[in-house]
2 protein chains.
Amino acid sequence: MGKADDTLIDTPADTLADDVPATTGQGVQSVDRALGILEVLARIGEAGVTEIAGELGVHKSTAFRLVATLEAHRLVEQTTDRGRYRLGVGILRLAGATTARLDLVQEARPICRQLAADTGETVNVAVLSESSALYLDQVAGSSALQPHNWVGQHIPLHATSNGKVLLSGLDDAALDAVLGKLAPYTPQTITRRAPLREELARVRTQGYALAVDELEVGLAAVAAPIRNAHGDVVASMSVSGPSFRMPQDRLDAAVALVVAAAVEVSHRLGWGHR
Amino acid sequence: MGKADDTLIDTPADTLADDVPATTGQGVQSVDRALGILEVLARIGEAGVTEIAGELGVHKSTAFRLVATLEAHRLVEQTTDRGRYRLGVGILRLAGATTARLDLVQEARPICRQLAADTGETVNVAVLSESSALYLDQVAGSSALQPHNWVGQHIPLHATSNGKVLLSGLDDAALDAVLGKLAPYTPQTITRRAPLREELARVRTQGYALAVDELEVGLAAVAAPIRNAHGDVVASMSVSGPSFRMPQDRLDAAVALVVAAAVEVSHRLGWGHR
DNA sequence: GACTGCGTTTCGTCGAGCGCAACAACTCGT
DNA sequence: ACGAGTTGTTGCGCTCGACGAAACGCAGTC
């Protein structure tokens, strides 16, 4: 009886397991290693050939040849001639193409722009990916000294408005599978399961989520769900800015605007049709 | 066979053609092909194994194995089981790692220096902020008299070349939200909406903006847009100097140089053609 | 129900990619 | 200033891993 959770094992089986440790060991070896290099660089930021080779467990020359190939495609670049390597602009070009083909981003972008203009704050679109929130798009508000570009970053689910919205779309089993330890980022962070469940229930009923000083002191955000044709929560859209610029009345206004915007995007994705 | 052509390998290769058709032919073959697949998918958006194989000029099974390896690293994903392939979220994760260290000012600075050296005039980088242009960086030209430092200053949008470029990236709604009263600074300042819209349309088509005696009599400037991976105008780069030092021919030369410099910075930020 | 397209799998062969070792440039430590 | 110890880079043979051909299972479609 207690082992009912075994149904989780039905998952495609290769979806989980080894996500971090360099190479997966399956597939075309050299490609596998080359992609491992990209992941190493993403994790470390900057590394020399020797360091990369050590990380992958291959010979220096092998690592060098792979890196050189990656460099020819601009996926990595070296800081200086005969210097260390880091991820290059080719990645960004690919990322641009990736989001360009996501109809979610395409449909949401003009609405995000409008929302950013109306609120004057930064707008983000996020989806659930591998136990965290993955930010797909960001439109800076009118007060645009780009606060920080979160696109592509993985953000904790329990400490952000977007995260709460995404979690609110899951059932209890999926929730347990996704939630790990609830790390505290500020004194306001929700760190226990029970209060989080209550908060999620509240998000479900009221149709939006708030997060003030929960990820970072001085940061306030409000998010609303984006649904597909089946009504599933596929993404979340948020407005965020410094707390001092977000008094109660502006926050209320932002709630109304972001909910309306998210509903509009949902409609464009086929939600609410009969 | 063709023997003498070996000298081709000596080419500096730092400014090689950025439109890599598919595979570069050099480096580790299978990695080269795998990265070619990513580029094909970036271009086409979605493709089947057979189509990819045709594009690369390899056998179906080879393409499949490469795609499977890419899929294991989440760089591609298939729309449905036994379906077509497209770029995956792994790309976005990698992109997040690159944007984290990507700073507009930092990437632009060496190019600004070069531009300042080539033109002998002052170079500025500006972004849109709070209904005006915010100057982020400045590199003084070779000329002795130092113009006053604009970094950190908010400058009217309608009377500067940088401002026009930044405005040219907005749609009509955003334009109305940002534009207030068009204050006259000199007799040349554009103070009415309609002529300004025409000017912005001109900026969009020709890819740069001019401003002569519009903010201050005797001050001439030319600016070009800096774009991110999505093609959005995120910043503007300008060359400016006293009008008496800027006859028509020098102005023309400055236009070409600043446009080229802005394109170069855009590339570093992930902007690809089209 | 045969046909035709797809993505996927298996398998034997051969050449591409591997590890080795020598090379070149750069940084320390004394 | 000078080697000792790094680093990134490059030929070179051997071998194992990646390749292509063909077969397979599964969709649609006439």
Side-chain angles (χ1 to χ4, degrees), chain A residues 12-15 22-38 40-41 44-73 75-88, chain B residues 1 6-14 22-38 40-41 44-73 75-88:
Chain A
D14 55 346
T15 52
T23 66
T24 67
Q26 70 175 16
V28 178
Q29 187 189 57
S30 51
V31 175
D32 200 40
R33 288 171 168 175
L35 302 185
I37 290 178
L38 292 180
V40 166
L41 288 177
I44 300 183
E46 221 179 79
V49 168
T50 310
E51 188 176 359
I52 294 172
E55 203 78 29
L56 291 188
V58 299
H59 196 269
K60 259 198 319 183
S61 64
T62 303
F64 172 75
R65 250 175 288 114
L66 295 173
V67 167
T69 307
L70 291 170
E71 190 187 13
H73 287 257
L75 294 191
V76 306
E77 60 194 21
Q78 39 190 352
T79 59
T80 148
D81 276 343
R82 295 187 92 82
R84 300 160 71 78
Y85 287 88
R86 62 179 183 191
L87 294 177
Chain B
M1 324 304 187
D6 288 352
T7 54
L8 280 180
I9 306 195
D10 289 341
T11 52
D14 50 0
T23 65
T24 65
Q26 69 176 14
V28 178
Q29 187 189 57
S30 49
V31 175
D32 199 40
R33 288 171 168 175
L35 302 184
I37 291 179
L38 292 180
V40 165
L41 288 178
I44 301 183
E46 216 181 86
V49 169
T50 309
E51 188 176 358
I52 293 173
E55 202 77 30
L56 292 187
V58 299
H59 195 270
K60 258 200 318 184
S61 62
T62 303
F64 173 75
R65 249 176 288 113
L66 295 173
V67 166
T69 306
L70 291 170
E71 189 186 12
H73 286 258
L75 295 190
V76 306
E77 59 195 20
Q78 38 191 351
T79 61
T80 145
D81 275 344
R82 301 187 89 82
R84 300 160 71 79
Y85 288 88
R86 60 184 181 189
L87 295 176

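Hydrogens, waters and symmetry mates play no part in the numbers below; they use all other heavy atoms, side chains included. Naming convention: chains lettered A, B, ... in sequence-line order (proteins, then strands); numbering from 1 in each chain.
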With heavy-atom distances below 4.5 Å as the criterion, would you say the side chains of E51(B) and V40(B) are in contact? no

How would you list, by chain and number, every residue that makes a side-chain contact (heavy atoms from CB on, under 4.5 Å) with T50(A), sequence neighbours excluded? K60(A)

Separation of dG7(C) C1' from E77(B) CD (nearest whole Å): 17 Å

Compare all side-chain heavy atoms of R33(A) with those of T62(A) and state whether any distance is below 4.5 angstrom. yes

Do I52(A) and V67(A) have side chains that approach each other closer than 4.5 Å (heavy atoms only, starting at C-beta)? yes

For a quick test of reading the model: is some side-chain N or O of Y85(B) closer than 4.0 Å to OP1 or OP2 of dT8(C)? yes

Hey, what are the protein-to-nucleotides 4-6 of chain C N/O distances that come in under 3.5 Å?
none

Sorted by chain and number, sequence neighbours left out, side chain to side chain donor-acceptor pair (under 3.5 Å) with Q78(B) holds for E71(B), Y85(B)

Can you measure from CG (L41(A)) to CZ (R86(A)) and round to the nearest 0.5 angstrom? 11.0 Å

Sub-3.5 Å donor-acceptor pair from the side chain of T69(B) to the main-chain atoms of V28(A), do we have one? yes

Would you mind reading off the bend of the helix from dG1(C)-dC30(D) to dC23(C)-dG8(D) from its two end axes, five pairs each, to 10 degrees? 40°

Can you name the residues that form a side chain to side chain donor-acceptor pair (under 3.5 Å) with E46(B), not counting sequence neighbours? R84(B)

Each nucleotide in nucleotides 13-20 of chain D should get exactly one letter: B, S or -. Can you fill that in based on protein heavy atoms under 4.0 Å? ----SSBB

Between P on dG17(C) and CG on D32(A), what's the gap in Å once rounded to a whole number? 15 Å

May I have the distance from R86(A) (atom CZ) to dG8(D) (atom P), rounded to whole angstrom? 16 Å

Taking 4.0 Å as the cut-off, does a side-chain nitrogen or oxygen of Q78(A) come that near to OP1 or OP2 on dT7(D)? no

Drop me the distance from I37(B)'s CD1 to L75(B)'s CG, to the nearest 0.5 angstrom. 11.0 Å

How long is the line joining CD of E46(B) and C1' of dG7(C), in whole Å? 14 Å

Tell me: CZ of F64(A) to C1' of dA21(C), nearest whole Å? 16 Å

Atom pair CG (L38(B)) and CG (L66(B)), whose distance is rounded to the nearest 0.5 Å: 10.0 Å

To the nearest angstrom, how far is E51(B) atom CD from dT8(C) atom C1'? 18 Å

Side-chain contact, heavy-atom cut-off 4.5 Å: H73(B) with D32(A)? yes

